[in-house]
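Report on the following structure.
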Number of protein chains: 2
Amino acid sequence: MPPKIKSDSDRKLIRSRILDAARDLFVEKGVQAVTMREIAKRIGYSPTAIYLHFKDKESLLQELCNTDFLALADNLSSILEIKDPIRKMVELGKSYAHFALSHPNHYRLLFMTSRPVQEYCNASDLQHTPNHDAYTLLKQVVDDVFVIGAFASQLTDPELIAQTIWAGIHGVCSLEIVLGKDSWIEWRTIDDRITLMQSALLNGLLKETL
Amino acid sequence: MPPKIKSDSDRKLIRSRILDAARDLFVEKGVQAVTMREIAKRIGYSPTAIYLHFKDKESLLQELCNTDFLALADNLSSILEIKDPIRKMVELGKSYAHFALSHPNHYRLLFMTSRPVQEYCNASDLQHTPNHDAYTLLKQVVDDVFVIGAFASQLTDPELIAQTIWAGIHGVCSLEIVLGKDSWIEWRTIDDRITLMQSALLNGLLKETL
DNA sequence: TTCTTAACTTAACAATGTTAATTTAACGTC
DNA sequence: GACGTTAAATTAACATTGTTAAGTTAAGAA
């Protein structure tokens, strides 16, 4: 029994409810548990009603992805208050890892799952702002370290440095998420692994300071 | 029209054909393209015949995983001929990355996808031999560097070192596989990223050699 | 009042993993 | 050599899922 002519804000609210239901499902049980029918059941609609708000399941996940990507960046941006550039970089890594490990399904969806190539044409001006883009945030933090001349002199490309640091932390976190429960490897504690990764990379990238 | 009483070797051969068909499918089109029906079509059987050889799809993928894991380790073990421990470690990393990037779907299945916890009870003696276990191979190579006293003196746990090096290379490769095609990031070449990761980690983990 | 249309539901389809029932023919045994 | 047993395979069928098409309902416009 459909009441009619929903306002724009009403439609937005329904979109949110769909997204929230979808998020709940995969945060709890992973992406394979996210079915259109279960989402629909949770919000009290029929399964096909979702298609009035999202083109298909892929689009829904895509939007979830983007939304939470921005939320992550926003969360991380609190470290911008830290003055010392190097400590700021270290804390960014720790925060990033903390997010990854406390939201493994999120992290999987964001950084461990191939999706059809994203088109960032809309709202492109918002894309590369530190507050809204985790990578750009990292890049800026690395730049700060770069301008004070703390990196070894042969390292002339902050972008490459940023990508390497990201890869290091990502490697530790993603291995933990995928294989952390496997017993054929005698895992050291995740804290030890993160710490060593950070200190080794810093040690290897920064100028010798003696 | 079933001919009957297949010998053990016949059954093994059929298993192989199933595994090969499955491998072909996902090497070419990724794991989502691996369907029981398509496998069956390729080997000229009905879909349900596969269940005479594998408990379910998960088991099939599991076995594929294990088989190719051993093949990888075998492939990598050729670097054992290298004498210099440090160069050996570097070459292992390069070979590993080369495998990952030239077999992205394999790599995804092996190291980027959570599977139900493996039980390595059977043939457990084969599990931790360098020739058959990529991680153990890395561990041994790291040990070799460790015993010549090349790591910084405060690093006393070769296992932790190995896990960190693995995570570094894995991070570069897995990011490339998942996000390498995304344009919102100005990726440096994959070679540059691998090289910097290796030199930074080495630099950060080894003793200062001046 | 009647027509249009937004909002939604029900029905239905195709693809997929999987199980149950059925068929076929090779083998051992009397 | 006939015959039952059983391995090997197939066909039929079911449940789940994403998705489309057709139908339904009621709010607003004419």
Side-chain angles (χ1 to χ4, degrees), chain A residues 1-26 28-65 105 109 113-116, chain B residues 1-26 28-65 105 109 113-116:
Chain A
M1 310 90 180
K4 186 161 150 182
I5 301 260
K6 307 243 167 167
S7 66
D8 271 13
S9 67
D10 279 341
R11 289 188 57 86
K12 248 181 193 168
L13 195 129
I14 294 184
R15 277 180 79 90
S16 291
R17 294 217 296 142
I18 294 173
L19 286 169
D20 288 345
R23 188 181 292 106
D24 277 359
L25 278 170
F26 87 78
E28 192 187 352
K29 306 184 194 173
V31 74
Q32 105 289 346
V34 180
T35 71
M36 300 304 251
R37 283 171 165 84
E38 181 62 26
I39 295 172
K41 190 190 293 180
R42 297 212 171 189
I43 62 174
Y45 280 117
S46 75
T48 53
I50 299 175
Y51 289 87
L52 301 173
H53 299 271
F54 295 91
K55 178 170 163 289
D56 53 19
K57 190 182 179 182
E58 185 58 39
S59 299
L60 201 168
L61 290 177
Q62 188 81 254
E63 181 156 333
L64 197 65
C65 220
N105 287 315
L109 188 64
T113 309
S114 296
R115 340 214 107 268
Chain B
M1 309 91 178
K4 187 161 151 184
I5 301 261
K6 307 245 168 164
S7 66
D8 271 14
S9 68
D10 279 341
R11 287 188 57 87
K12 248 181 195 166
L13 196 128
I14 294 183
R15 278 179 78 89
S16 292
R17 294 218 295 142
I18 294 173
L19 286 169
D20 288 344
R23 188 181 293 107
D24 279 358
L25 277 171
F26 87 77
E28 192 187 351
K29 304 184 195 172
V31 74
Q32 105 291 346
V34 181
T35 71
M36 301 303 251
R37 283 171 166 85
E38 181 63 26
I39 295 172
K41 191 190 292 179
R42 296 212 171 188
I43 62 174
Y45 279 112
S46 74
T48 53
I50 300 174
Y51 290 87
L52 301 173
H53 299 271
F54 295 90
K55 178 171 164 291
D56 53 19
K57 191 183 179 183
E58 186 58 39
S59 299
L60 201 167
L61 290 176
Q62 188 80 253
E63 181 156 334
L64 197 67
C65 220
N105 287 316
L109 189 64
T113 309
S114 297
R115 340 214 107 268

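Chain letters run A, B, ... following the sequence lines, proteins first, then strands; residues in each count from 1. Not measured: the values here are computed from a predicted model.
Residue A:Arg11 places at least one side-chain N or O under 4.0 Å from the OP1 or OP2 atom of C:dA7.
Take B:Arg17 and apply the salt bridge (charged side-chain N to carboxylate O under 4.0 Å, His left out) test, not counting sequence neighbours, and it matches no residue. Judged as a salt bridge (charged side-chain N to carboxylate O under 4.0 Å, His left out), and not counting sequence neighbours, the contacts of A:Lys41 are A:Glu38. Considering only residues two or more places apart in sequence or on other chains, B:Asp56 meets the side chain to side chain donor-acceptor pair (under 3.5 Å) condition with B:Ser59. Residues satisfying the salt bridge (charged side-chain N to carboxylate O under 4.0 Å, His left out) criterion with B:Arg37, sequence neighbours excluded, are absent altogether. For the salt bridge (charged side-chain N to carboxylate O under 4.0 Å, His left out) test, residues two or more places apart in sequence or in another chain that qualify with B:Asp20 are B:Arg23.
To the nearest angstrom, P of C:dT10 lies 14 Å from OH of A:Tyr45. B:Ile43 places its CD1 atom 9 Å from the P atom of D:dA9, with the value rounded to the nearest Å. Protein atom CG of B:Leu52 is 17 Å distant from nucleotide atom P of D:dT6, rounded to whole Å. One can place CD1 of B:Ile50 at 11 Å from C1' of C:dT18, the figure rounded to the nearest angstrom. Atom pair A:Lys41:NZ and D:dT16:C1' shows a separation of 12 Å (rounding to whole Å applied). Regarding A:His53, its NE2 atom lies at a distance of 11 Å from the C1' atom of C:dA6, rounded to whole Å. The distance from atom CZ of B:Arg17 to atom P of D:dA9 is 10 Å, rounded to the nearest whole Å.
If you run side-chain contact (heavy atoms from CB on, under 4.5 Å) between B:Val31 and each of B:Leu25, B:Thr113, B:Leu61, only B:Leu61 comes through.
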What's touching nucleotides 17-20 of chain D from the protein side, N or O pairs under 3.5 Å?
from, atom 1, to, atom 2, distance (Å)
D:dG18, OP1, A:Val34, O, 3.4
D:dG18, OP1, A:Lys57, NZ, 2.4
D:dG18, OP2, A:Met36, N, 2.7
D:dG18, N7, A:Arg37, NH1, 2.5
D:dG18, O6, A:Arg37, NH2, 3.1
D:dT19, OP2, A:Tyr51, OH, 3.0
D:dT19, OP2, A:Lys57, N, 2.9
D:dT19, O5', A:Tyr51, OH, 3.4

